[in-house]
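Here's the structure, in structure tokens; my notes come after.
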Amino acid sequence: MVGGLFIIITSQNYLKKVVGLAIFQTAVFVFFVSLAKVLDGTAPILTKMANAYSNPLPHVLILTAIVVGVATSALGLALVLQIYKNYETIEEKEIESLELKSDK
Amino acid sequence: MSNSFLIILGIITPLFAALFSYVCRYNNNLRDSFGIIGGLITFVISLKIFHGIQNNEVFQITFFTLFDGVDFAFKVSTLGSIFSLVASSLWILASIYTIGYMRGAGEKNQTRFVIFYSIAIHAALAIAWSGNLLVLFIFYEILTFSTFPLVGHKQNAESQSAGRLYLSILVGTSLIFFLPAIFWIWLETGTLDFQDGGILINKFPAENLSFLIAMLVFGIGKAAIMPIHRWLPAAMVAPTPVSALLHAVAVVKAGVFSFLVVIIYIVGPDFLLQTKSSDWLVWLACFTIMASSIIAITKDDLKARLAYSTISQLSYIILGAALASSLAIKGASFHIITHALGKITLFFCAGAIYVTAHIKKVSDLKGMGYKLPLIFFAYTLGALSIIGVPPFIGSWSKFYLIMGSIEREFIIVAIILGISSLLNIYYLLQPVVIGFTQNSKKEIKLIKAPLTVWPPLITGLGCLVFFFYANYFLNNISGVIVN
Amino acid sequence: MNFLLINFFLISLLLVTTFFIFKTTSLISVVALTGAFTLLCSAIYVNLDAVDVAFTEAAVGSGISTILMVMAAAKLPEGKKNKLINLFPSIILAVAISLILIIIIANLPLLGDPNAPIHLHVVPEYLKESKDFFHIPNVVTNILASYRGFDTLGETIVIFTAGLGVIALLTSNTLNRKTNFKKNKKK
Amino acid sequence: MRDKISSSPVLSVVSKILFAPIIIFGLYVQFHGDYGPGGGFQAGVIVAAAFILYSMIFGLSKGETLVPIMINRYLMCVGVLLYAGVGIVSIFLDGMYLDYNVLSSDPSTGQHIGIILVELGVGITVATVMIALYHSFASFGEINE
Amino acid sequence: MFDIFLDDAPALVVVLPLLISAIIAFMPSKIWPWIISIITLLLHLFLSLHLLKEISVSGLIIYEFGNWEPPWGISFKIDGVNIGLQLLFSIFVLVSTFYSRKIFLNEIDYRDSGKAYSLWLLAVGSLNGIILTNDIFNLFVFLEISALASISLIALGAGQNRKALLAAFNYLIIGAIGATFYVIGVGFAYAMTGTLNMNDLVIQLAQYSDGQLAIFAGMSFMLIGLMVKAAIFPVHIWLPPAYSYAPSAVSTLLAALATKTILYFFVRLLYEVFIIYPSYLSLFLDFVLYPLSLLAIFVGTVIAIYQDDIKKLLAFSSIAQIGYITLAFSLKDHSGVASGFVHIFNHALIKGGLFMAVGYFAILYKDRVTLNSLKGFGYKYPITSFALLICGLSLIGLPLTNGFISKLYLFQALYTNQMYFSIALVAVSSALAVVYFWKIVEQMWFSEIKFKSEKEDAYIYLPIWIITISIIVFGLYSTPIIEFSNLSADYLISGYQN
């Protein structure tokens with residue numbers, strides 16, 4: 001998780017930032033789901049054999065969150081594409097210098 | 001006409017004058033006449049209110065509540081009636097003078113000028129008649145913003161930077177000090193209404209009073225005490241009628257008026273005398289008087305010299321308020337009138353000299369006394385009044401101020417006032433001396449602008465005449481202080 | 001015990017993958033590694049008994065989003081090796097956050113403890129009602145569609161918003177009327 | 001790159017064979033979500049994957065004939081409307097928003113109906129949005145040629 | 001029949017815009033999306049008024065989705081705290097939608113107006129969800145809908161200036177990090193309590209006294225996430241570019257409402273849930289929020305002075321104004337919280353009006369509005385300019401405008417808490433506000449330039465003037481705002497004192 005955050009901050013490539021974001025989020029989801037685990041339990045699908053189930057609520061929340069994450073990265077990718085079209089680069093440093101030039 | 005209606009009429013007349021001037025902006029004569037008409041109307045109303053106050057009538061009107069304990073209300077105080085009388089009467093003369101000056105100097109954007117001039121008068125009248133401190137503050141700000149276009153009238157780099165300085169000092173101080181001070185008073189007392197004897201006594205912690213006084217004196221930047229006086233000389237880039245407005249009719253007068261009102265009706269002189277919280281201010285005022293007089297001597301530009309003279313004269317009033325004894329406050333209140341009359345005369349003359357001969361500097365005045373005898377005559381009258389020579393009205397206020405300082409046993413202050421009068425003589429009469437004694441070799445073309453000559457003559461003679469009728473005002477002023 | 005071992009193994013794989021994503025500059029490789037990362041995650045989910053989540057992660061995370069990333073990467077230039085910016089502050093930040101997290105997680109109830117508050121409040125009701133009232137064995141579906149149906153509506157709308165946003169961004173007339181991809185490239 | 005793929009006979013044949021089973025699997029996941037893992041999201045993604053596979057191999061324009069862009073976009077809306085509409089219907093039937101109990105005389109059956117409808121809405125939206133995303137990404141930069 | 005719907009007003013105010021957005025998304029028409037949006041928002045306003053009526057009778061509405069009792073299901077809660085905000089929201093959204101039509105026609109290709117209005121309604125619905133929701137995870141969902149919708153809208157500003165793309169991208173990355181932090185926080189809170197409902201959370205937190213460290217950490221993560229979203233000082237960097245490069249109508253909506261709704265939830269979380277641990281709360285308020293607010297006020301104002309681009313200037317001034325609000329919220333007493341709410345209301349109106357006017361100028365000037373480009377606008381477009389002037393004076397906080405009322409109550413709150421240094425800082429920063437605002441006025445009226453002007457468009461200046469007049473009216477007659485704010489503070493603070 002921290003690695004993802006690390007990538008976001010240090011990378012200069014916009015696509016890599018999106019990837020870093022995805023990793024960051026996924027890591028958080030893994031942590032969240034691990035809260036739901038019950039030792040010796042099974043998946044929360046009711047059967048006659050099992051008597052302990054893992055907690056289904058975090059699963060539901062994370063389902064939602066995964067979809068949200070995908071939506072975010074899709075939008076991010078679209079933005080990266082548009083940025084490339086307009087700037088012809090997706091490196092942060094180069095765009096900054098381009099903008100500095102155009103301001104003058 | 002009911003009393004409350006009079007107030008409304010008096011306050012909105014200048015606004016209507018502004019409106020009509022805008023409507024008739026294509027007809028110069030018609031446009032400029034509204035200033036005079038409006039001045040006459042407000043003058044009559046002010047006079048009526050002045051007499052009504054003398055007869056213990058109550059002039060007050062309340063519109064609505066702004067927040068707990070504070071209404072949007074007007075209520076004329078004794079001091080306010082005097083200030084409104086000064087402002088409205090001088091507006092008539094200033095309007096006449098403006099016509100002569102603006103046309104003679106060929107300024108642009110005359111319509112805008114006339115409109116904002118009227119709005120400034122509106123604000124000044126509303127300040128005079130405001131019923132509580134917040135209403136006063138509102139119109140104080142309106143006055144600042146409406147005079148900004150006048151100060152920056154010429155729209156060149158110099159006037160723009162002067163305008164910025166003007167605005168930033170005035171608005172800045174009022175937002176940083178004045179408004180918080182108002183909030184403070186409101187939080188401690190729950191009201192902001194003007195009352196005889198003040199509202200703070202028994203409610204406000206006495207140990208914090210000097211702090212509050214400091215916030216007020218620095219917050220009311222229009223009173224131009226040092227070190228926040230810089231805006232006043234800077235604003236000299238404006239046309240002379242504006243200087244007259246600033247120095248005599250509205251702006252600085254509104255400043256010292258506000259301060260006096262706060263001392264008399266909010267803090268209460270008794271409370272001040274008990275706590276002696278304003279004694280430090282006496283010394284600051286003395287310092288301002290001396291320092292600005294000395295600076296005035298070094299200035300060669302006539303208007304700049306007059307500006308520093310104003311700063312020193314304003315501090316007389318603050319000094320009076322800070323002394324807080326009944327005689328000193330009487331003198332301070334009366335000084336509003338005397339200084340207005342004297343200073344407007346001087347500025348009218350300076351402007352007239354500029355329009356007719358295009359001279360700004362004192363050293364260039366050589367020999368002009370013979371060419372412009374009427375103007376120089378008026379100038380002399382005004383200067384003598386400000387110096388405080390007896391047959392002129394200015395001597396009264398100085399007399400009372402000196403008496404007040406002796407009453408409070410500030411002997412040194414009395415001495416300083418004397419020294420300052422000597423300095424006055426030097427820097428105010430020097431132009432006259434130069435004008436009549438030295439001869440210039442330069443040929444100077446004169447432009448005729450008769451409308452700029454008569455107003456200073458009238459005010460100059462006024463300085464002389466009212467000396468004998470001073471009781472007419474002084475009786476009224478003595479009602480200011482209820483000891 | 002097996003459970004913990006497998007978990008430990010998968011998580012160390014995750015760390016290795018993350019490190020390589022960080023190192024790699026070629027965008028396509030980054031994307032491929034990300035796909036691997038999410039697949040590993042879904043394996044972890046299975047191990048944690050979260051089959052629904054694992055299914056979704058496999059389908060959505062490593063399926064669709066990898067496809068999208070590949071397509072984007074195909075249209076983008078190769079990544080350049082840049083100097084790392086903000087390296088030092090981000091290391092500090094990363095270490096600090098990790099430390100905080102470790103301390104906190106040490107404070108949480110043990111992994112898999114059936115008596116943690118999380119398993120005692122609210123959820124037992126879900127399990128009971130699913131059996132007695134819904135007659136639907138997959139509790140996740142019940143909660144998703146019924147108890148927390150409003151969240152799921154929101155989630156559907158998130159997806160819809162993203163779709164709409166991408167359509168507006170990539171194919172709309174507003175953004176594409178001035179310039180054109182190919183022309184820009186030639187310049 | 002695409003030319004190479006579509007000219008390869010192996011790929012095109014395999015994908016044609018795979019197409020139908022993927023869709024059926026998707027539908028299975030969609031409606032079997034009550035009993036095993038799965039549901040609207042997963043199903044939507046799987047169905048979308050089938051279409052994406054198809055248009056990857058045979059080209060965008062071919063894919064477009066399968067699911068026209070505009071229809072796909074309208075279906076996006078229909079999915080959301082279906083979900084939100086179930087809520088509105090339950091209000092009509094004097095229940096709270098998204099109260100499935102009132103959809104049928106037996107609350108349990110009502111829940112079943114509600115869940116199935118809602119999951120269908122989710123499935124439609126997810127599938128169509130994914131196709132739309134693919135479309136936008138694939139066609140980006142080429143539409144103005 | 002209509003009554004059936006009225007009973008479900010809490011759900012409908014949120015669902016209706018979302019539902020309608022799906023209908024209008026791909027409409028090929030140029031005008032119908034707008035008309036439908038207006039009708040929807042009229043209904044929305046009607047429903048909000050109905051809610052107000054209900055609240056004035058009962059004082060509290062808990063709306064249970066799917067008829068599942070909380071904490072099992074998701075619920076909305078409407079009480080004195082949010083009813084005022086809900087009403088303001090309804091009215092402002094309606095006005096700004098009315099305003100947006102001509103602006104969108106200029107800045108966005110007409111063929112995209114369906115999509116734009118669909119995104120607009122999505123943003124509206126989700127922001128409204130943030131106001132009403134009583135479930136900490138549901139909030140995350142709404143946060144994300146609103147973030148995605150507004151990011152897309154901001155990116156549409158790239159039709160004017162490509163920097164909008166960068167702004168949107170930064171917002172996306174930073175916003176997503178913030179949201180993920182929030183989710184971590186929710187995870188911790190859930191792990192310790194097993195519930196997501198805010199009311200139940202309070203009850204459960206009171207039971208589990210051990211493992212407090214995890215709870216504090218959870219709280220901190222949630223707060224950090226929300227601070228990112230609300231653009232509280234050190235994490236505000238996404239806001240200025242996002243507001244300034246978005247299409248003008250969008251900046252209006254975002255500046256007026258987006259951060260406000262999140263701030264509202266922020267304070268609700270603080271005073272309704274975290275109140276369980278007063279020592280933690282006061283630690284956070286005194287040593288985190290309070291200094292950050294002061295910094296925000298100072299830094300925001302100073303940076304605003306140096307801006308040349310008017311929309312950027314306004315955005316930085318927003319940072320400072322958010323600082324005022326959080327400063328008020330950090331005071332821990334009734335007067336502080338109430339004054340924070342007063343400023344939420346007033347600042348929403350002021351900034352809304354300013355962005356509207358500046359947005360119109362951008363259309364008239366056909367480029368980004370910088371200080372230089374405003375030369376002579378005061379004479380050519382007097383109606384809009386005058387509105388701008390009034391809004392600006394209100395921003396400075398001069399009497400007779402609602403900005404003054406805000407300042408009055410803020411001063412009062414600070415004074416009763418004896419925070420003299422803050423008073424001085426607020427006073428200085430409002431004086432500095434004169435500097436940056438006066439630069440605009442000077443350009444508009446005191447510089448001469450000749451150019452061809454168009455006639456002002458009533459469709460645009462009418463909404464601007466509605467806002468302006470409300471600014472004056474609330475300056476003169478502030479009772480409604482004060483009462484709503486006091487009500488909010490009553491609800492929040494009563495928990496604190498017990």
Side-chain angles (χ1 to χ4, degrees), chain A residues 1 4-5 7-9 11 14-37 55 57-58 60-62 64-88 90 92 95-96 98-99 102-103, chain E residues 71-72 74 119 135-138 140-145 147-152 154-156 158-159 161-196 214 218 221 225 241 308-309 368 370:
Chain A
M1 180 188 113
L5 200 59
I7 291 175
I8 299 175
I9 300 173
S11 298
Y14 281 160
L15 186 71
K16 264 184 112 172
K17 284 193 185 221
V18 177
V19 169
L21 186 64
I23 289 175
F24 175 48
Q25 288 180 330
T26 315
V28 172
F29 301 157
V30 170
F31 156 72
F32 210 116
V33 169
S34 73
L35 294 175
K37 171 74 182 171
N55 189 331
L57 191 57
V60 174
L61 303 184
I62 291 312
T64 309
I66 287 176
V67 174
V68 168
V70 169
T72 312
S73 36
L75 200 61
L77 288 174
L79 276 169
V80 172
L81 280 181
Q82 272 288 359
I83 289 174
Y84 177 59
K85 179 178 157 183
N86 281 285
Y87 288 89
E88 294 172 53
I90 51 167
E92 196 175 8
I95 287 176
E96 272 171 14
L98 269 180
E99 281 303 334
S102 71
D103 279 350
Chain E
W72 289 278
I74 294 171
L119 288 168
D135 187 285
I136 50 177
F137 193 79
N138 192 238
F140 166 72
V141 175
F142 281 127
L143 270 182
E144 285 304 286
I145 302 177
L148 291 183
S150 42
I151 287 166
S152 312
I154 290 168
L156 282 179
N161 188 324
R162 60 183 184 173
K163 279 188 198 165
L165 293 172
L166 299 180
F169 187 76
N170 276 334
Y171 183 16
L172 180 111
I173 296 287
I174 297 174
I177 293 175
T180 312
F181 265 95
Y182 180 77
V183 172
I184 301 175
V186 171
F188 283 133
Y190 179 68
M192 297 313 296
T193 61
T195 185
L196 294 169
F221 275 114
D308 191 40
D309 185 301
R368 296 192 63 71
T370 57

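Just so we're on the same page: letters track the sequence lines, and every chain starts at 1. What you are looking at is a predicted structure, and each value in this text was computed from that prediction instead of being measured.
- Taking 4.5 Å as the limit, every side-chain heavy atom of E:Phe181 sits out of range of all side-chain heavy atoms of A:Val28.
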Could you walk me through whether A:Val68 and E:Phe140 pass the side chain to side chain contact (heavy atoms under 4.5 Å, CB included) test, one step at a time? CA-CA 10 Å; A:Val68 168; E:Phe140 166 72; 4.1 Å; yes
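- Scanning both residues, A:Leu21 and E:Ala176, for their nearest heavy atoms gives CD2-CB, 3.5 Å.
- Residue A:Tyr84 holds its OH atom at 15.0 Å from CG of E:Leu165, rounded to the nearest 0.5 Å.
- Contact of A:Thr72 with chain E is made through backbone and side chain together, with heavy-atom distances under 4.5 Å.
- Relative orientation of the A:Phe32 and E:Tyr190 rings is parallel, given thresholds of 30° and 60° on the angle between their planes.
- Among the candidates A:Ile83, A:Leu75, A:Leu61, the residue making the largest number of heavy-atom pairs closer than 4.5 Å to chain E is A:Leu61.
- Across every non-hydrogen atom of E:Arg162 and A:Asn86, the tightest pair is NH1-O, 2.7 Å.
- Residues E:Leu148 and A:Ala71 approach most closely at CD1-CB, 3.8 Å, considering heavy atoms.
- Rounding to the nearest 0.5 Å gives a distance of 11.5 Å between NZ of A:Lys17 and CG of E:Leu172.
- Of the atoms belonging to E:Leu196, it is side-chain heavy atoms, and not backbone ones, that fall under 4.5 Å from chain A.
- In this structure, CZ in A:Phe24 is found 5.0 Å from CD1 in E:Ile184, a value given to the nearest 0.5 Å.
- Between the CH2 atom of E:Trp72 and the CG atom of A:Leu57 there is a distance of 12.5 Å, given to the nearest 0.5 Å.
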